[in-house]
Amino acid sequence: MRLSIIAPCYNEADNIAELRRQLVDVARRLTTDPEYALDDVEFVFVDDGSRDATLDRLKAWAGEDSRVHVVALSRNFGHQAALSAGIDHATGDAVVVMDADLQHPPELILEFVRKWRAGYDLVYAYREGVKPRFGYRLINTLMKIHVPAEAADFRLMARPMVNAFRRMPEHARFIRGMMSWLGFRQIGVGYTDRDRFAGERAFTVRQTAQMALNAVLSFSNLPLRVASLAGLLTILCGCCYAAFILYHYLFGDASKIQPGWTALIMTVLVLGGVQLLCLGIIAEYIGRIFEEVKQRPLYVVRELIGKPRDDSPGE
Ligand code: UDP
Ligand code: MG
């Protein structure tokens, strides 16, 4: 049995040495301890267009260790695309994905492997002692999927699940949600998040917002329904108001219908607002359809070091 350990790296130069120390140790235990009895461990690092010495350090490591493979992307494609690149290039019977900044404790991989050996297809890590963020509760309530609260992008996937995942070509990726959609036998393992070993968080507010939007729009049509609902409600209000006017017109008290300016302007504004809102929501979905029909590859590989398997889609 062979295990692949994948980490996307974006400007992680100062973390590589420590990551190497810890991963090499975990790999040694996995292959020598009879409890795990793995034949082989490989490492697949994806350099996501880093601007620092990350790629050089990874190359140096690959030069000294034949288990190390590096997929260098042509530019920064973002965490979720880099993860997918790693998964496409992994050959193991199970695949572990983790961050390169040591926030995900490598020794947890031992527990992952134990659970995998016990028959689970997906073992995911979740941060213990953290209250589920509002975003996750919202996703779970509104979407048709269940994303475990505070699940991290730190997990082990067995080969059948990896293959199923690789058949999901969508661009707007919310991998945690996709995992949940896939099903299989899943189990969580708790851990406490640590601080980054070195370097700074690479995610911008924009990327985080984008991910939240992906989660909502890729997994539900609810926003589309909200649009129709808002439209319906507005029509209802309009009808009630019309009935009110008609009633007073027919049965006297015309003063009530008098200078209709305020009502008129209000109606125009509300209706205009609702229409714009609905248009906006529909435009979001159309934008996504456009993104997907272009069928561009998720990422572009510039260089493969240490010859990882190369059958990524579209190449
Ligand atoms: N990462 C990446 N591309 C990016 C941003 C981040 O490959 O555009 C990698 C990064 O090197 C790290 C992981 O994704 O290994 C998680 O990133 P980060 O630590 O910045 O996010 P956080 O842990 O704060 O969510
Ligand atoms: Mg991090």
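Order of listing sets the numbers, starting from 1, for every ligand and every atom in it. Reckoned from all heavy atoms, side chains included, excluding hydrogens, waters and symmetry mates.
Within ligand 1, the atoms closer than 4.0 Å to a non-hydrogen atom of Asp101 are 19 (O), 23 (O), numbered from 1 in the order shown. Below 4.0 Å from some heavy atom of Ala100 lie the following atoms of ligand 1, by number and element: 15 (O).
In Asp99, the parts holding a heavy atom less than 4.0 Å from any atom of ligand 1 are both the side chain and the backbone. Looking at Glu12 against ligand 1, only its side chain comes within 4.0 Å, counting heavy atoms. The side chain of Asn76, and not its backbone, has at least one atom closer than 4.0 Å to an atom of ligand 1 (non-hydrogen atoms only; side chain from C-beta on).
Within the structure, ligand 1 lacks Ala7 among the residues with a heavy atom less than 4.0 angstrom away.
Coordination check, Asp101 versus the Mg ion (ligand 2): passed, since an N/O/S atom of the residue sits under 2.8 Å.
Below 30°, between 30° and 60°, or above 60°: for Tyr124 and Tyr126 the angle between ring planes is between 30° and 60°, a tilted geometry.
In this structure, Asp47 does not pair ionically with Arg57, as no charged nitrogen and carboxylate oxygen lie closer than 4.0 Å.
With rounding to the nearest 0.5 angstrom, the CG atom of Leu30 is 13.0 Å from the CE atom of Met1.
The environment of Arg117 atom CZ is dense: over 12 non-hydrogen atoms of other residues, nucleotides or ligands sit within 6.0 angstrom.
Taking the centre and axis of the six-membered ring of Phe77, the NZ or CZ atom of Arg75 falls inside the cone set by 45° and 6.0 Å.
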